2 protein chains.
Amino acid sequence: MDTVAGTERTKGHLDALLLALLASGPQHGYGVIAELRDRSEGELDLPEGTVYPALHRLERAGLLESTWAPGTTRRRRVYSLTAAGWTALSAERHEWARFSTAVGSVLSGVASA
Amino acid sequence: MDTVAGTERTKGHLDALLLALLASGPQHGYGVIAELRDRSEGELDLPEGTVYPALHRLERAGLLESTWAPGTTRRRRVYSLTAAGWTALSAERHEWARFSTAVGSVLSGVASA
DNA sequence: CTCTTTACCTCGATCACCTAGGTATAGTGG
DNA sequence: CCACTATACCTAGGTGATCGAGGTAAAGAG
């Protein structure tokens, strides 16, 4: 079957995913993709063309910072959260909570009126 | 504050929301918007420019059918699920479950490797 | 008789995301 | 030693979902 991304959309939650993943520690682009796949049990398999530009954008926005990995054989740009990134992550988590609760209650057919 | 939609972010789950809402019974466009708002406690406040075209699209796709409400004073196009619509809803529910589980486990920082 | 609410509709812009393409290095099997 | 695969990075441009803005009309409220 189709994993969510690849054929489908990450649906506006890309930033949250990237920030959350980098909350466990610095990671480079290719590694981010792999870990996202692992943690979601294959469900989230984002293309490079999605992830790299997003990392650049988050860095420009001041939520991430990066350095070329020192002492590594292969060239790797390693990203980590800035203070602003942690704040943003917190906001994203709350938003996800609100959003998923809202969608969940509609999908499960809860009438509130 | 910002509700999720309006600033956007319903991204990709629109069909699921509309089908799920109509699963509780036939409803017209304006009513769909209002009920979505109620059931999500104001969180999902979708603009008409989003909902009406989506209903038309779902009808063209054979997932919904509509009639002009008989005996109503005001003109209302009432939508209800077709058999295909119920099937699609079931699929959408599963997909939401998989997607939200995946995002949830990334956001909560679960390492599976 | 005006204002607000209900109720419908569509065009066009925006922007997030993906596809497709490209570079280069390190390890592996023959 | 040479091809192949995996790692690792990157971007230009297309596409399509969603929304903003605008428009019509009838009904109830004041």
Side-chain angles (χ1 to χ4, degrees), chain A residues 2-19 26-38 43-61 63-64 66-79 92 95 99 103, chain B residues 2-19 26-38 43-61 63-64 66-79 92 95 99 103:
Chain A
D2 50 331
T3 46
V4 166
T7 351
E8 296 213 21
R9 310 276 139 125
T10 325
K11 297 139 189 192
H13 308 287
L14 223 204
D15 293 6
L17 291 170
L18 298 179
L19 293 171
Q27 184 61 281
H28 61 104
Y30 210 78
V32 164
I33 293 172
E35 253 195 69
L36 233 26
R37 209 189 304 111
D38 288 350
E43 191 67 13
L44 302 169
D45 191 10
L46 308 184
E48 298 177 28
T50 296
V51 173
Y52 285 116
L55 290 172
H56 300 334
R57 181 170 43 78
L58 292 172
E59 183 170 25
R60 273 199 311 278
L63 307 183
L64 298 180
S66 70
T67 42
W68 285 100
T72 316
T73 50
R74 211 183 287 269
R75 94 196 225 268
R76 285 177 165 182
R77 181 174 280 282
V78 174
Y79 293 87
E92 292 279 8
E95 220 208 78
F99 176 73
V103 174
Chain B
D2 51 331
T3 45
V4 166
T7 359
E8 187 220 324
R9 212 148 271 208
T10 322
K11 289 278 185 199
H13 308 288
L14 224 203
D15 293 7
L17 291 170
L18 297 179
L19 293 172
Q27 184 62 282
H28 60 105
Y30 211 76
V32 164
I33 293 171
E35 253 196 70
L36 231 29
R37 209 188 303 112
D38 287 351
E43 192 67 13
L44 302 169
D45 192 9
L46 308 184
E48 298 178 28
T50 296
V51 174
Y52 286 116
L55 291 172
H56 299 334
R57 181 170 43 78
L58 291 172
E59 183 169 26
R60 274 199 311 277
L63 307 182
L64 298 180
S66 70
T67 43
W68 285 101
T72 317
T73 49
R74 212 184 287 270
R75 92 196 228 267
R76 285 177 165 181
R77 182 174 281 281
V78 174
Y79 293 88
E92 292 279 7
E95 218 208 81
F99 177 72
V103 174

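Computed from a prediction, not measured in an experiment: that's the story for all the values here. Throughout, protein chains are lettered first and strands after them, A, B, ... in sequence-line order, and every chain is numbered starting at 1.
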Sorted by chain and residue number, the side-chain hydrogen bond (donor to acceptor under 3.5 Å, both in side chains) partners of B:Gln27 (sequence neighbours excluded) come out as B:Glu35
Using the side chain to side chain donor-acceptor pair (under 3.5 Å) rule, collect all pairs that involve residues 47-58 of chain A, keeping only residues at least two apart or in two chains.
A:Asp15-A:Arg57, A:His56-A:Tyr79
Between CZ of B:Arg60 and P of D:dA17 the distance, given in whole Å, is 11 Å
Please give, in whole Å, the distance from D:dC19 P to B:Leu17 CG?
11 Å
What pairs of nitrogen or oxygen atoms, one from the protein and one from nucleotides 6-10 of chain D, lie under 3.5 Å apart?
residue : atom : partner : partner atom : Å
D:dT7   : O2   : A:Arg74 : NH1          : 3.2
D:dA8   : OP1  : A:Arg76 : NE           : 2.8
D:dA8   : OP1  : A:Arg76 : NH2          : 2.3
D:dC9   : OP1  : A:Arg77 : N            : 2.9
D:dC9   : OP2  : A:His28 : ND1          : 3.3
D:dC9   : OP2  : A:Gly29 : N            : 3.4
D:dC9   : OP2  : A:Tyr30 : N            : 2.6
D:dC9   : OP2  : A:Tyr52 : OH           : 2.9
D:dC9   : O5'  : A:Tyr52 : OH           : 3.4
D:dC9   : N4   : A:Glu48 : OE1          : 2.5
D:dC10  : N4   : A:Glu48 : OE1          : 3.3

Integer-rounded Å distance: D:dT18 C1' and B:Asp45 CG
14 Å
Is the closest side-chain heavy-atom distance between B:Val32 and B:Leu17 below 4.5 Å?
no
For B:Asp15 and D:dG16, give me the distance from atom CG to atom C1', rounded to whole Å.
13 Å
Rounded distance in Å - CD1 (B:Ile33) to P (D:dT18):
14 Å
Rounded to whole Å, CZ of A:Arg57 lies from C1' of D:dT11 at a distance of 15 Å
Quick one: A:Leu58 CG to C:dC17 C1', roughly how many Å, whole number?
14 Å
Rounded to the nearest Å, what distance is computed from the NE2 atom of residue A:His13 to the P atom of nucleotide D:dA17?
16 Å
Could you tell me if the side chain of B:Leu18 sits less than 4.5 Å from the side chain of B:Leu64, heavy atoms only?
no
Where is the tightest heavy-atom contact between B:Gly29 and B:Val51, given as atom of each residue plus distance?
O-CG1, 4.4 Å
CG-CG distance between B:Leu55 and B:Leu63, expressed to the nearest 0.5 angstrom:
11.5 Å
